[in-house]
Amino acid sequence: MSLAFALAWVATVLASPQAHGAWGVAYSPADPTTPRPAIVFLHGMWAGPEDACPPLRDAATRFGFLVCPRGNTPFDAGTMWTGTAADAAGPLRAALDEAARMKPGKLDRAAEGTLVGYSNGAYFAAELAMNLDLDPARLRAAGVRRVMLAAGDQDETRIPLQALAQTLDGAGLSARFVSLGPGGHAFPPDIASRTCAMIAWVRDADPRVCVGL
């Protein structure tokens, strides 16, 4: 498993085959001719997969299915994630099941997937406590090989995330922090290329796959 954890992002919306419902939104890979893994995205609060997921579509579908489950708790006009990571597992499995129906036999659930979280969703993506306390031994035991942490330069999480990346890397788990630009807890205009580069790193993929974003 690879884990991407970022606290702010957006991208341009491009056409791609999709499925959607009460469970969330999913997009098929740019190349669906062979079985591909899932890139699972957990959105933040106040949002839903319909508005939070499309910005990541063009970047993520270069690697596999983009699967965006809906938060498990209503919040304002959208939803959010509450409870424990186990509480998020049900919606996630439901979204993966629906994505698999899009292209029967093409979602490789046995392959290494990539988990991405934004804001509130990031805490559940990484099974985090509110103080961003990630345990490297626990992550390795779960099969996580790489962790990418990201935030805007003005985001209040930037400094603790930088320190956390150094701690994880020093403990023998490959980890990096990357800046999302000069902004704060908001979406930079070049998020498609940034997201693609982050996914490529956590998946140890050829970064040239991101050319053109």
Engineer: Is it true that atom CZ of R109 has more than 12 heavy atoms of other residues, nucleotides or ligands lying nearer than 6.0 Å?
Structural biologist: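 Buried by this count: over 12 neighbours within 6.0 Å.
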Engineer: Any side-chain to backbone donor/acceptor pair from R203 onto E112? Under 3.5 Å, distance only.
Structural biologist: yes
Engineer: Do you know which two heavy atoms are closest between N120 and F124, and how far apart they sit?
Structural biologist: O-CD1, 3.5 Å
Engineer: Do P69 and W81 come within less than 4.5 Å of each other through their side chains, counting heavy atoms only?
Structural biologist: yes
Engineer: Minimum heavy-atom separation for D155 and A151, please, with both atom names.
Structural biologist: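 Minimum heavy-atom separation between D155 and A151: CB-CB, 4.1 Å.
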Engineer: Looking only at atom types and distance, does a side-chain atom of H43 sit under 3.5 Å from a main-chain N or O of G71, one as donor and one as acceptor?
Structural biologist: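 Indeed, once roles are kept as given, a pair shorter than 3.5 Å links the two residues.
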Engineer: Would a 4.5 Å heavy-atom cut-off, applied to side chains only, mark L180 and M198 as touching?
Structural biologist: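 They are in contact (side-chain heavy atoms under 4.5 Å apart), so the answer is yes.
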Engineer: Taking the side chain as every heavy atom from C-beta outward, state whether K103 and F65 have any pair of such atoms under 4.5 Å apart.
Structural biologist: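 Yes, their side chains come closer than 4.5 Å.
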Engineer: How many angstroms lie between atom CZ of R57 and atom OG1 of T195, to the nearest 0.5 angstrom?
Structural biologist: 13.5 Å
Engineer: May I ask you to decide whether D58 forms a salt bridge with R62, counting only side-chain N to carboxylate O separations under 4.0 Å?
Structural biologist: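 Counted as a salt bridge, because a side-chain N and a carboxylate O are separated by less than 4.0 Å.
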Engineer: Is there a continuous path of hydrophobic side-chain contacts, each under 4.5 Å between heavy atoms, that joins V116 to M80?
Structural biologist: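 As far as the 4.5 Å side-chain criterion goes, M80 and V116 are not connected within one cluster.
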Engineer: Could you report the tightest heavy-atom contact between V67 and L96, atom names first, then the distance?
Structural biologist: CG1-N, 3.9 Å
Engineer: For E50, look at atom CD and say whether over 12 heavy atoms of other residues, nucleotides or ligands are found less than 6.0 Å away.
Structural biologist: yes
Engineer: Is there a donor-acceptor contact under 3.5 Å from the side chain of R194 to the main chain of S179?
Structural biologist: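 Indeed, once roles are kept as given, a pair shorter than 3.5 Å links the two residues.
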Engineer: Which value, rounded to the nearest 0.5 Å, describes the distance between L42 atom CG and C68 atom SG?
Structural biologist: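 Nearest 0.5 Å value for the CG-SG distance: 9.0 Å.
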Engineer: If you group Ile, Leu, Val, Met, Phe, Trp and Tyr by side-chain heavy-atom gaps below 4.5 Å, do V209 and L56 land in one group?
Structural biologist: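 The answer is yes; both residues are in one hydrophobic cluster.
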Engineer: E98 vs H20, test: side chain to side chain contact (heavy atoms under 4.5 Å, CB included). Steps then yes/no.
Structural biologist: CA-CA 8 Å; E98 293 295 336; H20 61 88; over 6 Å; no
Engineer: For the side chain of R70 and the backbone of W23, is there at least one donor-acceptor N/O pair under 3.5 Å apart?
Structural biologist: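 Between the backbone of W23 and the side chain of R70 there is no qualifying donor-acceptor contact (under 3.5 Å).
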Engineer: Quick one: does D76's side chain have a donor or acceptor within less than 3.5 Å of a partner on W46's backbone?
Structural biologist: no
Engineer: Is there side-chain contact between F41 and L66, with heavy atoms separated by less than 4.5 Å?
Structural biologist: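 Yes - at least one pair of side-chain heavy atoms lies under 4.5 Å apart.
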Engineer: What is the minimum heavy-atom distance between Y27 and C53, and which atoms define it?
Structural biologist: CE1-SG, 3.7 Å
Engineer: Tell me the closest heavy-atom pair linking P136 and A171, and the distance in Å.
Structural biologist: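 That would be CG-CB, 3.6 Å.
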Engineer: Find the distance between CD (Q166) and CG (L149) and round it off to the nearest 0.5 Å.
Structural biologist: 10.5 Å
Engineer: May I ask you to decide if D153's main-chain N or O and R158's side chain share a donor-acceptor pair within less than 3.5 Å?
Structural biologist: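 Yes.
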Engineer: Any donor-acceptor pair under 3.5 Å linking the side chain of T79 with the backbone of F75?
Structural biologist: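 Not at all, since once roles are kept as given, no pair shorter than 3.5 Å links the two residues.
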Engineer: So how far is it from D87 CG to T73 OG1, rounded to the nearest 0.5 Å?
Structural biologist: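 If we round to the nearest 0.5 Å, D87:CG and T73:OG1 are 8.0 Å apart.
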Engineer: Could you report the tightest heavy-atom contact between P91 and A88, atom names first, then the distance?
Structural biologist: CD-O, 3.3 Å
Engineer: Flag the pair D169 and R176 as a salt bridge only when some basic side-chain nitrogen lies within less than 4.0 angstrom of an acidic carboxylate oxygen.
Structural biologist: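 No, D169 and R176 are not salt-bridged.
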Engineer: For A111, is there any backbone N or O sitting under 3.5 Å from a side-chain donor or acceptor partner on D108?
Structural biologist: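 Yes; at least one donor-acceptor contact below 3.5 Å.
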Engineer: About how many Å separate CG of L164 and CG of L168, when rounded to the nearest 0.5 Å?
Structural biologist: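 Reported to 0.5 Å precision, the distance equals 4.5 Å.
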Engineer: How far does CG of L173 sit from CG of L139, to the nearest 0.5 angstrom?
Structural biologist: 5.5 Å
Engineer: Are V178 and W201 connected in a single hydrophobic cluster, I mean Ile/Leu/Val/Met/Phe/Trp/Tyr linked by side-chain heavy atoms less than 4.5 Å apart?
Structural biologist: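 Yes, W201 connects to V178 through the hydrophobic network.
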Engineer: Less than 4.0 angstrom from a charged side-chain N to a carboxylate O is my criterion; do D31 and K106 meet it?
Structural biologist: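 Result for this pair is no, no salt bridge flagged.
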Engineer: Pair D190, S193 - check side-chain hydrogen bond (donor to acceptor under 3.5 Å, both in side chains), show working.
Structural biologist: CA-CA 6 Å; D190 59 347; S193 59; 4.6 Å; no
